[in-house]
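Naming: A, B, ... by sequence-line order, numbering from 1 per chain.
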Number of protein chains: 2
Amino acid sequence: MSINKSLLTGSTTMLILKLLEETDMYGYEMIEELSKKSQNIFKLKAGTLYPLLHGLEHKDMLTSYEKSTGNQRIRKYYSITKTGRKYLNEKTKEWKVYTVAINNVLGGVDFAPVQ
Amino acid sequence: MSINKSLLTGSTTMLILKLLEETDMYGYEMIEELSKKSQNIFKLKAGTLYPLLHGLEHKDMLTSYEKSTGNQRIRKYYSITKTGRKYLNEKTKEWKVYTVAINNVLGGVDFAPVQ
DNA sequence: GTATAATATATCGATAATCTATATATGTCA
DNA sequence: TGACATATATAGATTATCGATATATTATAC
């Protein structure tokens, strides 16, 4: 994840699900979207993403389908499921609780809630 | 770490150094302080903390000394070094960048900076 | 007085998240 | 045609944290 992998762990799943909450996407697209939306802070590696997507599909958080680009190339699109949305919701709540707790320890002010 | 260990990783070091920036502490005290300051969100395990403290001492982020409580019991106090303070400063900055990036992806508003 | 719980430090092995490296193939542009 | 971007995939290594376990002291309840 570039910035410093050791600050995250676990948030990657939340971010991926969040992207898919808006629209279906293929893996490579997620890497780019995540980089763009985070102003180049998150540079997710393919070696992290693909096994993660397979795992999420296995856990019924996602479903996938293949789609041709018009020529030879076939992209694998992922779609979030109801289970995935529920999980995303839980993770987002956890994230808020977690950041408030960290900021309390750091002695900073609390911040406006996400959404 | 209770809340969900997979949301952290790496932030534990920052939190410990932050505690020690204010005053010298012994391990068990850090577990309690962290729990208290985070409103019981962080429940750091002894099995996480002690190896972490040893590692930080090895990296010259901390120094330690033993202190008697007046009776048999001897507590091992840790003190942050200049290197440790520098590292804490970097980690705190990273944490701010990271949370802003996550919140950008989540579509929430940015929050007031820590400190 | 004695059992139990809290205090205090420590190590070991397991688990999980992410990385690097590697592989394979297609598309585009100089 | 060669290089680079696009696209997916797996294997093995690293690292953070945990649960379990061990040991010893102190405080409290029965």
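At the phosphate of dA17(C), neither OP1 nor OP2 sits under 4.0 Å from any side-chain N or O atom of Thr13(A).
At whole-Å resolution of the value, NZ in Lys45(B) and C1' in dT21(D) are 15 Å apart. Atoms NE2 (His54(A)) and P (dT18(C)) sit 15 Å apart, rounded to a whole Å. Following rounding to the nearest Å, Leu62(B) (CG) and dT9(C) (P) show an atom-to-atom distance of 14 Å. One atom, OH of Tyr26(B), and another, P of dT9(C), lie 7 Å apart when rounded to the nearest Å. Put simply, OH on Tyr28(A) is 14 Å from P on dT28(C), counting in whole angstrom units. When the C1' atom of dA16(D) is taken as reference, atom CD1 of Ile16(B) falls 13 Å away, rounded to whole Å. Rounded to whole angstrom, the span from the CD atom of Glu57(A) across to the C1' atom of dA9(D) amounts to 14 Å. The nearest whole Å value for the distance from the CD atom in Glu33(A) to the P atom in dA7(D) is 13 Å.
Across Ile80(A) and Leu20(A), no two heavy atoms sit closer than the pair CG2-O, 3.5 Å.
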Output one letter per nucleotide in nucleotides 21-27 of chain C: B when a protein non-hydrogen atom lies under 4.0 Å from the base, S when only the sugar-phosphate is that close, - when neither is. B---BBS

side-chain hydrogen bond (donor to acceptor under 3.5 Å, both in side chains) between Tyr87(B) and Thr13(B), intermediate numbers included: CA-CA 10 Å; Tyr87(B) 185 76; Thr13(B) 296; 5.6 Å; no

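When each of Leu49(A) and Gly27(B) is assigned the nucleotide of DNA chain C bearing its nearest heavy atom, the one mapping closer to the 5' terminus is Gly27(B). Toward the 5′ end of DNA chain C lies the nearest nucleotide of Glu32(B), the other residue of the pair Glu66(B) and Glu32(B) mapping further downstream.
Using modelled atom types, one finds no donor on one side chain facing an acceptor on the other under 3.5 Å when comparing Asn104(B) with Ser38(A). Side-chain atoms of Thr83(A) and Asp60(A) form no donor-acceptor pair, as typed in the model, at a separation below 3.5 Å.
Listed by chain and number, the residues in a side chain to side chain donor-acceptor pair (under 3.5 Å) with Glu90(B) amount to none (sequence neighbours excluded).
Within the structure, the side-chain hydrogen bond (donor to acceptor under 3.5 Å, both in side chains) test picks out the following pairs touching residues 72-81 of chain B (sequence neighbours left out): Asp24(B)-Ser79(B), Tyr26(B)-Arg75(B).
Of the listed residues (Glu22(A), Glu32(A), Glu29(A)), just one forms a salt bridge (Lys or Arg N to Asp or Glu O under 4.0 Å) with Lys37(A), and that residue is Glu22(A).
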